Amino acid sequence: MSKTKSSPSYVEFLALMATIISITALSIDIMLPALPEIGGDLQVGHPNDAQLVITFLLLGMGIGQMLFGPLSDCFGRKPIITAGFAIFILGCVLSILAPELKMMLAGRLIQGFGAAGPRTAIVALIRDQHGGRAMARIMSAIMAVFILVPALAPALGQVILLTANWRVIFWALIAQALIAVIWFCIRQPETLLKQNRIAFSLKRILGGVVEVCTNRQAFGFTLAAGFMSGALMAYLHSAQQIFQEVYHTGNLFPLYTAFISLFMGAASLVNSRLVMRLGMRSLAFKALYLFLSLVAFYLAANLFYDGRPPFWLMLVCLSLSFFCLGIMFGNLNAIAMSPLKHIAGIGAAVIGSLISLVSSPLAMVVGRCYDGTTLPMAWGFVVLGVFTALVMRWANRSKTP
């Protein structure tokens, strides 16, 4: 699409897209320091129940992505992004008003559902205007900014908790959502012309689900991405308890989570430099085998130290393991999408949704096994790593290049 007079400049466009996409990561990571206070105020039945604040947001996203992708093809990108933010803000208000856990979880489910709108439609909006290397360049630049969010969000949540109640965190999320949607509505033109829109069809969604699930490469590597995402989300479910209860890091907890997050960011940069030379599959398998070696060693250390290995050892193992995850995330989605070029829009929505719906329950199971040690997380990493290896080897038999 040609650039209009009202269109943002390249730099402003990148900043706007990064602001919109980052709402999802911020909604997860900013909550981590607040989980104990939320659990206490809402009188949860078990300390691990506070982790559901993360789980329900992810479940909402998984459901939303399946719908918002086709809806953006039907009604255009701007209405879907705007509606998604409105739903997200509604979910935040419900969470602010929640007197008990059930209402809080309903609010988080609605937040995740709403956040799926901008998350899905923004990728389609970029694809409307740019293709090939130009799109890859923009997405890489946006992801470079996006990487900083998991590193900084827990610190922001901690700062808010030092000065105010945990409910203020949701006001911060509402503020970012309002800034993003107002900026977007004023500066970004619609990119999907009416003549290019596709009628909404449940049959089309079902067809996309069937095609993804019956294509060995697409389904296998989507499952692999779901299992690896499950490992990452299992860590996020338990991170606050592990750092503050097992290792007593106190208010320094956000600094250590930021340190680990930066390894995933570094992996994205390394992957962008190596993928053209080594190929997506080769890099994904190499990263998987290194991940399995690291988490097997970490599990052995957990068994030796009765679930409480030295802090430095845990930090090193997690940082290097998450570097491997960063390499894998950069390739598994792309491999899964390769045979779906003829249904790229609905295919991306289905794959994104399936990854969330696979990872969320797995992460919840691992997180709820937390017992005051790091042993359940270590077992979770190993089991999910083995599942990933099995489905990747099965999917790799596909003849699709």
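No experiment lies behind these values; they were computed from the predicted model shown.
- With hydrogens and angles disregarded, a donor-acceptor distance shorter than 3.5 Å links the side chain of Gln217 to the backbone of Ile335.
- In this structure, Phe243 and Phe311 have perpendicular ring planes: the angle between them is above 60°, well past the 30° mark.
- By the side chain to side chain contact (heavy atoms under 4.5 Å, CB included) test, Asn333 is found to be paired with Ile351, Ile355, residues two or more places apart in sequence or in another chain being considered.
- Between the Thr249 side chain and the Leu252 main chain, no donor and acceptor come within less than 3.5 Å of each other.
- In this structure, Phe170 and Trp166 have perpendicular ring planes: the angle between them is above 60°, well past the 30° mark.
- Under the rule for a salt bridge (Lys or Arg N to Asp or Glu O under 4.0 Å), Arg167 has no partner lying at least two apart in sequence or in another chain.
- The side-chain heavy atoms of Ile23 and Arg119, taken from C-beta on, include no pair separated by under 4.5 Å.
- Two residues are said to be in side-chain contact when any heavy atoms from C-beta on lie closer than 4.5 Å; Leu384 and Phe291 fail this criterion.
- Interatomic distance, CG of Leu58 versus OG of Ser359, reported as 6.0 Å (0.5 Å rounding).
- Looking at Lys78 and Thr82, their side chains never bring a donor and an acceptor atom within 3.5 Å of each other.
- Residue pairs satisfying the ring pair (Phe, Tyr, Trp, His ring centres under 6.0 Å) criterion with at least one member in residues 259-281, sequence neighbours excluded, are listed as follows: Phe259-Phe263.
- To the nearest 0.5 Å, atom OG1 of residue Thr24 and atom CG of residue Asp29 are 11.0 Å apart.
- Using a 4.5 Å cut-off on side-chain heavy atoms (C-beta onward), Pro79 and Glu190 make contact.
- A search for side chain to side chain contact (heavy atoms under 4.5 Å, CB included) contacts involving Leu206 returns nothing, not counting sequence neighbours.
- For Gln176 and Thr19, the side-chain atoms include no donor-acceptor pair closer than 3.5 Å.
- Pairs engaging residues 178-234 under the ring pair (Phe, Tyr, Trp, His ring centres under 6.0 Å) rule: Phe227-Phe387 [sequence neighbours left out].
- Taking the ring pair (Phe, Tyr, Trp, His ring centres under 6.0 Å) definition, one finds that Phe329 meets it with nothing, sequence neighbours left out.
- Here the side chain of Thr257 pairs a donor or acceptor atom with the backbone of Pro254 at under 3.5 angstrom.
- In this structure Asp49 satisfies the salt bridge (Lys or Arg N to Asp or Glu O under 4.0 Å) test together with Arg368, sequence neighbours excluded.
- Using a 4.5 Å heavy-atom threshold, the side chains of Leu318 and Met314 count as touching.
- Note: Ile28 CD1 to Leu232 CG = 8.5 Å, rounded to the nearest 0.5 Å.
- Residue pairs meeting the ring pair (Phe, Tyr, Trp, His ring centres under 6.0 Å) criterion with at least one partner in residues 71-94, sequence neighbours excluded, do not occur; the list is empty.
- The side chain to side chain donor-acceptor pair (under 3.5 Å) contacts involving residues 86-111 comprise Ser95-Gln111, Arg108-Gln111, where partners must be two or more places apart or lie in separate chains.
- In the displayed structure, Arg393 atom CZ is contacted under 6.0 Å by at most 12 heavy atoms of other residues, nucleotides or ligands.
- For Arg77, the salt bridge (Lys or Arg N to Asp or Glu O under 4.0 Å) partners two or more places apart in sequence, or in a different chain, are Asp73, Asp128.
- Within the structure, side chain to side chain donor-acceptor pair (under 3.5 Å) contacts touching residues 231-242 (residues at least two apart or in different chains) are Asn48-Gln241, Gln51-Gln241, Thr55-His237, Gln240-Gln244.
- Under the ring pair (Phe, Tyr, Trp, His ring centres under 6.0 Å) criterion, Tyr298 pairs with no residue at all, not counting sequence neighbours.
- In this structure, the ring of Tyr247 has its center no less than 6.0 angstrom from the ring center of Tyr256.
- In this model, no donor atom of one side chain and acceptor atom of the other lie less than 3.5 Å apart for Asn331 and Arg281.
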